[in-house]
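A short worksheet on the structure shown next.
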Amino acid sequence: MLETRYYGEFGGAYLPEILVSTFEELAAAFRDARNDAGFWEQYKNMMSTYSCRPTPLTYAENLSAYFGGPQIYIKREDLNHTGAHKANNVMGQGMLVKRMGKRRVIAETGAGQHGVATATMAAKFGLDCAIYMGELDVARQRPNVFWMERLGATVIPVKDGSRTLKDAINAAMRDWAANMDDTHYVLGTACGAHPYPEMVAYFQSIIGQEARRQILHREGRLPARVYACVGGGSNALGIFSGFYDDPTELVGVEAGGEGLDSGQHASRLASAEGTPGIAQGYKTYFLQNKDGQMQETHSVAAGLDYVGVSPILAAMRDDGRIRFEAAMDREVLDAFTLTMEKEGLIPALESAHAFAQAFKEAPDMIPDEIILINQSGRGDKDIFTVADAFSDRQWSRFIITKAEEYGAKLVS
Amino acid sequence: MLETRYYGEFGGAYLPEILVSTFEELAAAFRDARNDAGFWEQYKNMMSTYSCRPTPLTYAENLSAYFGGPQIYIKREDLNHTGAHKANNVMGQGMLVKRMGKRRVIAETGAGQHGVATATMAAKFGLDCAIYMGELDVARQRPNVFWMERLGATVIPVKDGSRTLKDAINAAMRDWAANMDDTHYVLGTACGAHPYPEMVAYFQSIIGQEARRQILHREGRLPARVYACVGGGSNALGIFSGFYDDPTELVGVEAGGEGLDSGQHASRLASAEGTPGIAQGYKTYFLQNKDGQMQETHSVAAGLDYVGVSPILAAMRDDGRIRFEAAMDREVLDAFTLTMEKEGLIPALESAHAFAQAFKEAPDMIPDEIILINQSGRGDKDIFTVADAFSDRQWSRFIITKAEEYGAKLVS
Amino acid sequence: MLNSYLENKLAEKEILLMTHIVLGYPSFDDSLRIIETMVEAGVDLMELQIPFSEPTADGPVIARANQRSLEDGATVAACLNLAENAARTFDIPFLLMGYYNILYQYGLGQFVAAMKGNGLQGAIFPDIPPEEGQEYLETMQENGLAPIMIFSPTTSAERMRYIDSVAAGFIYCVARKGVTGAETSFTHELGDYLKKCRENTRLPLALGFGIKERSDIEFLKGKADIAVIGSQAMRVMEKDGIEAVGGFIRGLR
Amino acid sequence: MLNSYLENKLAEKEILLMTHIVLGYPSFDDSLRIIETMVEAGVDLMELQIPFSEPTADGPVIARANQRSLEDGATVAACLNLAENAARTFDIPFLLMGYYNILYQYGLGQFVAAMKGNGLQGAIFPDIPPEEGQEYLETMQENGLAPIMIFSPTTSAERMRYIDSVAAGFIYCVARKGVTGAETSFTHELGDYLKKCRENTRLPLALGFGIKERSDIEFLKGKADIAVIGSQAMRVMEKDGIEAVGGFIRGLR
Ligand SMILES: Cc1ncc(COP(=O)(O)O)c(C=O)c1O
Ligand SMILES: Cc1ncc(COP(=O)(O)O)c(C=O)c1O
């Protein structure tokens with residue numbers, strides 16, 4: 001029997017028959033690992049020797065003073081190896097791949113962050129690796145493609161559909177349907193068919209475990225609110241999971257893009273536009289039209305630019321256990337700048353959504369309160385996007401000069 | 001009296017009179033801090049909450065197997081905030097700045113790594129910040145300039161001399177000679193007049209302290225050899241300092257560039273061409289001509305491309321306490337590629353020099369032995385340099401396309 | 001209804017042909033012409049795919065057709081219209097094929113009612129395994145429509161029997177791992193697989209994925225009951241036009 | 001020797017003029033012509049800078065001259081030659097100025113011997129504080145050459161006395177914080193500073209950094225003994241040619 005799991009009305013495993021046995025195998029391997037007393041220890045140990053775990057909790061003294069509101073703490077997932085929380089999930093799945101005895105991994109990637117993390121894991125674990133990436137993203141995110149290739153992965157540009165993240169997922173599913181015998185699909189977020197949401201959330205829960213312990217150690221009390229950006233939902237689930245039994249308010253921040261009325265956003269939970277649907281193996285809120293066709297989404301942060309969202313989050317929204325908000329591109333860039341200038345931290349544009357929402361709320365809170373922001377990744381990987389977002393003239397001039405040098409060399 | 005200190009015949013404080021009192025003040029502040037029982041604890045605490053300290057020690061299982069030689073361990077300074085060991089020094093000096101009550105910092109930078117680290121520290125500590133950078137480097141290293149500026153620093157292109165690192169140091173000295181009252185000069189490596197070599201080595205010694213403890217914890221015995229790249233010498237002194245009283249062999253790796261006979265290198269200690277001299281405030285081995293004029297240097301790694309070297313290392317070379325070697329650009333790129341593909345680690349090109357030398361020696365060592373390589377920084381910051389070094393066509397095409405987009409926008 | 005039709009047909013012919021098209025590709029008018037051409041060429045039943053933006057189980061040829069059709073403005077309503085038109089016009093059974101979200105958005109009850117009202121005989125939703133499909137399966141059966149279920153080479157005998165227990169009409173056997181449109185080898189192994197399928201269902205077997213030419217169909221005779229032609233017919237159409245499809249189909253048997 | 005020359009001159013003139021040039025800039029021939037021009041215009045002594053690749057204590061105008069001279073192939077030998085030529089030709093004292101590495105590479109003993117042999121009177125090395133200069137100071141004194149030492153506005157009275165104890169010839173007082181060539185304000189504060197300098201040395205005082213015009217020199221009369229003209233003379237030369245330098249110097253006093 002295909003193992004399946006629902007969170008409220010969301011989740012499930014809407015799979016083609018060809019993949020059913022593969023999901024059974026994966027669910028079993030995950031169940032085994034989880035029940036294996038040593039597995040989590042082994043995982044934590046690997047993450048503490050290969051990545052930077054526990055990641056630090058940074059007190060944002062200057063931002064706290066600036067807003068005159070709550071004490072602001074930042075969980076530093078940006079210090080992970082490869083620069084984001086993605087490493088937690090990918091390394092964990094790598095350990096499962098080894099347990100299942102497979103020799104190849106595939107993954108989808110949008111911005112390239114998850115692709116680089118997967119290529120890194122594949123190098124470390126000695127696995128073959130193919131990364132599916134929408135053709136548009138390949139063109140836009142060349143730096144990450146460059147690193148994936150140098151890490152030994154094959155990057156496959158996907159020319160179907162909108163040629164972005166969701167199409168890369170479809171392409172990876174197609175590869176997997178043909179090669180499941182020796183291949184594992186390293187899905188990058190807490191979406192997709194069971195057991196992915198649960199499994200990815202499990203690996204990411206290391207963030208929340210650490211964060212709760214750290215804040216109690218530092219302040220002796222719990223944060224009033226925890227903020228995390230929400231793309232697929234993995235970093236949010238990761239940090240939130242530490243506080244499920246606490247009175248802490250959990251705030252998920254989606255991409256508000258050009259605004260919730262503009263049609264240019266990726267707010268599946270914070271806007272009224274997301275509706276329940278079934279695609280890519282699972283049921284959740286999607287941005288879709290009345291026929292159920294997925295819509296194009298927009299965000300300044302490629303990693304939030306996705307039509308679906310974790311079914312676990314979808315359920316927690318309906319239960320009122322997590323509050324969802326949207327931060328607009330403009331607000332995000334402001335928060336990004338403020339965070340850099342005040343704290344010397346460069347959040348990923350994704351993470352900057354969490355900062356933006358926290359900054360909107362901080363002035364109305366009191367100094368006795370604590371808030372915690374998850375800095376899911378670092379922004380220096382995004383230089384092209386950031387430079388473009390700020391229309392940095394010096395940057396364009398630099399690129400034009402570089403291009404002239406290259407042009408001269410290509411000709412000569 | 002001007003405090004001065006020699007290591008063998010090297011070191012000293014060759015300063016213009018105008019700066020003497022400033023150095024006296026700095027030396028005193030450093031002495032005080034060092035004697036203050038709480039200071040080191042406070043430093044370690046800051047580094048563990050703001051940066052990733054202790055940085056992990058990663059066992060390179062695949063590389064060890066590949067060479068069939070010693071067990072290879074890698075000290076992960078690349079996981080530091082801002083991506084290199086530079087953070088250790090810069091944050092430490094930041095604490096001293098606060099003790100001295102100054103409100104502005106200046107720094108030189110070559111590749112931009114130290115500039116970004118200093119701009120970050122300045123943001124965090126609420127200091128004004130000016131970064132001197134050779135005009136050529138500004139043009140080559142625009143990504144780092146971009147981040148420094150976004151962090152709120154002013155980047156000042158230096159148009160004198162060879163318009164690279166050493167000229168940036170001169171320019172910073174000039175600024176300091178005018179503004180010492182409220183300004184501290186954050187020198188980026190263990191060079192310059194006393195107390196810089198000692199002070200920078202002191203802050204970087206955190207690497208060696210951790211590394212020794214970590215390897216003993218993991219393996220219960222000491223490494224046979226420790227490898228570190230040597231630009232100014234700070235990361236090398238940092239890790240080596242943990243092993244001064246041990247039978248461990250210390251190997252410093254300089255930039256061999258195009259080869260030691262080519263005139264295109266930066267090997268002050270490993271080549272016969274380095275000779276004792278006095279410049280930029282201190283006495284050490286320099287690459288200079290018979291008249292004492294400094295020569296141009298070359299390395300694929302901008303951070304190793306410097307005419308001088310820490311006087312502490314110069315002395316330890318003469319004492320035979322450290323062995324110095326040079327790795328050539330070509331060897332470095334090979335080591336870089338191998339490390340990425342086997343371990344999923346992206347060393348900075350600087351750090352890749354240490355890897356290259358270790359890889360040359362590993363096949364002649366035995367599995368019972370342990371070697372330790374200091375990965376001083378991460379290489380993903382170097383994408384332009386790396387892509388150029390590998391003549392990556394896809395990259396040049398990407399840049400040309402980007403340039404066309406920008407060109408269109410600049411015109412429209 | 002579908003069951004008895006198949007029984008009758010199988011009494012006449014050694015193997016039946018089912019073709020697959022994507023509605024609205026290259027256009028709705030063309031879809032109707034293609035159906036007409038196929039029916040005239042003697043296909044025994046057809047699956048009409050409602051295009052979906054995420055055709056995960058389809059290979060490049062069909063996925064692209066899905067996308068084009070949507071780009072040209074295909075709606076579910078237009079697809080149901082066309083399907084009704086086909087069902088009223090031609091005397092073979094028509095099945096809808098698509099992804100489950102189409103039905104889910106339409107509403108299960110309404111969709112099934114529409115299918116029934118439009119004269120369709122069943123549906124194939126490749127992304128709804130029986131574990132997720134309880135309600136769907138019941139509603140289909142209650143309305144006398146066949147929810148076509150799928151076997152694959154990775155399906156265990158036990159699971160085949162489980163699937164069989166909820167299926168109707170026929171079993172769609174996927175010939176190999178992978179998605180539509182790639183090469184399939186018509187070998188001993190495929191024969192063994194079909195034998196296993198046969199042993200584990202009471203229903204006729206359709207074999208799909210990768211059928212291209214007469215020899216493939218020849219191979220299937222006695223092993224499967226229905227040969228499904230999907231991507232290859234689309235390729236012929238794309239290359240040589242709708243007219244060529246009739247000849248291609250006739251040449252298969 | 002330098003001491004008695006200065007004493008005599010100071011008996012004649014209220015303030016002396018010392019000019020500074022970079023040897024080999026714009027060329028060695030020009031250097032000689034500039035010296036000639038300056039001597040004719042009545043300067044009382046000159047410092048001849050041997051260019052160095054790292055002129056840390058110099059501002060942009062002089063730093064650039066250092067660099068140009070080196071780019072044109074200036075060597076230490078050529079500089080010493082020119083200095084000898086000047087010292088033999090003109091009847092004023094010449095000092096060498098430069099960075100300590102030049103001397104260090106040449107060898108302390110050899111360099112001092114060469115200076116002496118060439119008829120030079122002393123040297124200014126701004127990057128060798130007394131704490132580092134023991135050997136240098138001794139060797140200079142032993143050879144009757146003046147190691148000119150520096151006071152700055154950040155130098156304490158105590159330190160001035162310490163420096164004075166090892167200096168000879170005169171004390172070079174840096175007018176303000178910073179490097180050569182920037183603006184100096186000729187104010188009350190500068191007067192106080194010179195007073196402090198005076199109180200803490202037995203030697204004559206030269207004031208350098210930022211002297212540009214007659215009024216500056218007027219201001220210094222009675223406060224300092226020697227006015228040092230560096231960057232401004234170089235600017236005049238760069239702008240209006242060597243010929244203009246004579247007029248500029250004459251206009252200062
Ligand atoms: C830095 C960063 N943060 C957040 C996300 C969003 O993913 P998730 O919601 O699964 O954490 C991404 C995705 O690429 C990312 O790179
Ligand atoms: C990553 C990295 N490693 C090494 C160096 C060399 O400096 P040092 O020898 O002081 O460690 C640099 C200098 O920029 C660097 O960026």
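Note on naming: letters A, B, ... go to the chains in the order of the sequence lines (proteins, then strands), and numbering restarts at 1 for each one.
- Residue pairs meeting the side-chain hydrogen bond (donor to acceptor under 3.5 Å, both in side chains) criterion with at least one member in residues 188-197 of chain A, sequence neighbours excluded: A:Glu3-A:His194.
- Looking at A:Lys290, the atoms closer than 4.5 Å to chain C (heavy atoms on both sides) all sit in the backbone: N, CA, C or O.
- Contact of the C:Ile163 side chain with the A:Glu17 side chain is registered, since non-hydrogen atoms from C-beta on lie closer than 4.5 Å.
- A donor-acceptor pair under 3.5 Å is formed between the side chain of C:Asn101 and the backbone N or O of A:Gly292.
- Only the side chain of A:Glu24 comes within contact range of chain C, with at least one heavy atom under 4.5 Å from a heavy atom of that chain.
- For a residue to count as touching a neighbouring chain, one of its non-hydrogen atoms must lie under 4.5 Å from one of that chain's; by this rule C:Ile102 touches chain A with backbone and side chain alike.
- Residues of residues 169-200 of chain C lying under 4.5 angstrom from chain A, judged on non-hydrogen atoms, are C:Arg176, C:Lys177, C:Gly178, C:Val179 in numerical order.
- In terms of modelled atom types and a separation under 3.5 Å, the side chain of C:Glu54 and the main chain of A:Ala279 share no donor-acceptor contact.
- Identified by a heavy-atom distance below 4.5 Å to chain A, the contributing residues of residues 104-128 of chain C are C:Tyr104, C:Gln105, C:Pro126, C:Asp127, C:Ile128, in residue-number order.
- Atom CD of C:Glu142 has more than 12 heavy atoms from other residues, nucleotides or ligands within 6.0 Å.
- Within residues 150-161 of chain C, the residues that have a heavy atom under 4.5 Å from a heavy atom of chain A are C:Ile150, C:Phe151, C:Ser152, C:Pro153, C:Thr154, C:Thr155, C:Arg159, listed by number.
- Of the listed residues (A:Ser21, A:Ser162, A:Ala171, A:Ala172), the one with the most heavy-atom contacts under 4.5 Å to chain C is A:Ser21.
- Interface remark: C:Asp58 contributes backbone atoms only to the contact with chain A (heavy atom separation under 4.5 Å).
- Annotation: side chain of C:Pro55 is in contact with side chain of A:Arg174 (closest heavy-atom distance under 4.5 Å).
- Across every non-hydrogen atom of C:Thr56 and A:Asn170, the tightest pair is OG1-OD1, 3.5 Å.
- Per-residue counts of heavy-atom pairs under 4.5 Å with chain C were compared for A:Ala13, A:Gly12, A:Pro16; the largest is that of A:Ala13.
- At a 4.5 Å heavy-atom cutoff, the contact between A:Asp181 and chain C is made by side-chain atoms alone.
- Closest of all the heavy-atom pairs between A:Ile278 and C:Tyr100 is CD1-CD2, 3.5 Å.
- The part of A:Tyr6 that comes within reach of chain C is its side chain, from C-beta onward, which places non-hydrogen atoms under 4.5 angstrom from that chain.
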